Amino acid sequence: MLQSLTPAPMLGFDLVHAAVDNYRSLRARGVTVNPADTFIATYCLETRSQLLTSDRDFLPVRDHLGLQLLLPSG
């Protein structure tokens, strides 16, 4: 199943700067997000991609920065 997916480069200088900005924006609102999750979320925000995850740690990024989440039901 994984072979059907296309790998995406997630670490470039532009993405690093955007991730730092997003991390600081969330911290200013009193929200702490794991730095690795910040990179994943920022990649999705920058590419306007939806994130399929059952990790509820991404909810504040959705609520404050507009991350599009696909949460499995259950």
Side-chain angles (χ1 to χ4, degrees):
M1 186 169 143
L2 288 176
Q3 291 175 340
S4 68
L5 302 175
T6 303
M10 292 184 61
L11 291 176
F13 285 113
D14 292 339
L15 186 67
V16 170
H17 291 291
V20 169
D21 289 343
N22 288 337
Y23 184 84
R24 288 179 178 164
S25 174
L26 291 167
R27 288 293 297 144
R29 293 179 167 118
V31 176
T32 302
V33 177
N34 177 307
D37 290 347
T38 304
F39 277 106
I40 294 167
T42 299
Y43 174 82
C44 292
L45 288 164
E46 294 293 312
T47 61
R48 295 188 170 113
S49 300
Q50 295 178 326
L51 177 61
L52 172 62
T53 184
S54 60
D55 187 345
R56 302 251 179 235
D57 291 343
F58 287 98
L59 291 175
V61 186
R62 178 198 66 187
D63 295 343
H64 296 290
L65 300 180
L67 177 63
Q68 296 179 36
L69 292 180
L70 294 174
L71 297 170
S73 59

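Just so it is clear, the structure is predicted and the values come from calculations on it, not from any experiment.
Qualifying side-chain hydrogen bond (donor to acceptor under 3.5 Å, both in side chains) partners for S54, counting only residues two or more places apart in sequence or in other chains: none. Looking at residues two or more places apart in sequence or on another chain, you find a side-chain hydrogen bond (donor to acceptor under 3.5 Å, both in side chains) between N22 and T42. Listed by chain and number, the residues in a side chain to side chain contact (heavy atoms under 4.5 Å, CB included) with R56 are L59, L71 (sequence neighbours excluded).
Looking only at side-chain heavy atoms (C-beta outward), V61 and L45 come within less than 4.5 Å of each other. When side chains are defined from C-beta on, I40 counts as touching F58, because their heavy atoms get closer than 4.5 Å.
Taking both residues in full, the closest heavy atoms of P60 and L26 are given as O-CD2, 4.1 Å, listed atom of the first, atom of the second, then distance. Among all heavy-atom pairs drawn from D55 and D57, the shortest one is OD1-N, 2.8 Å.
Applying the side chain to side chain donor-acceptor pair (under 3.5 Å) test to pairs two or more places apart or on separate chains, those with a residue in residues 27-41 are S25-R29, R27-T32.
Using a 4.5 Å cut-off between side-chain heavy atoms of Ile, Leu, Val, Met, Phe, Trp and Tyr, L70 falls into a hydrophobic cluster with L52.
Hydrophobic clustering keeps Y23 apart from L15 (ILVMFWY residues linked when any side-chain heavy atoms are closer than 4.5 Å, directly or through intermediates).
Atoms SG and CG, from C44 and L51 in turn, are 4.5 Å apart once rounded to the nearest 0.5 Å.
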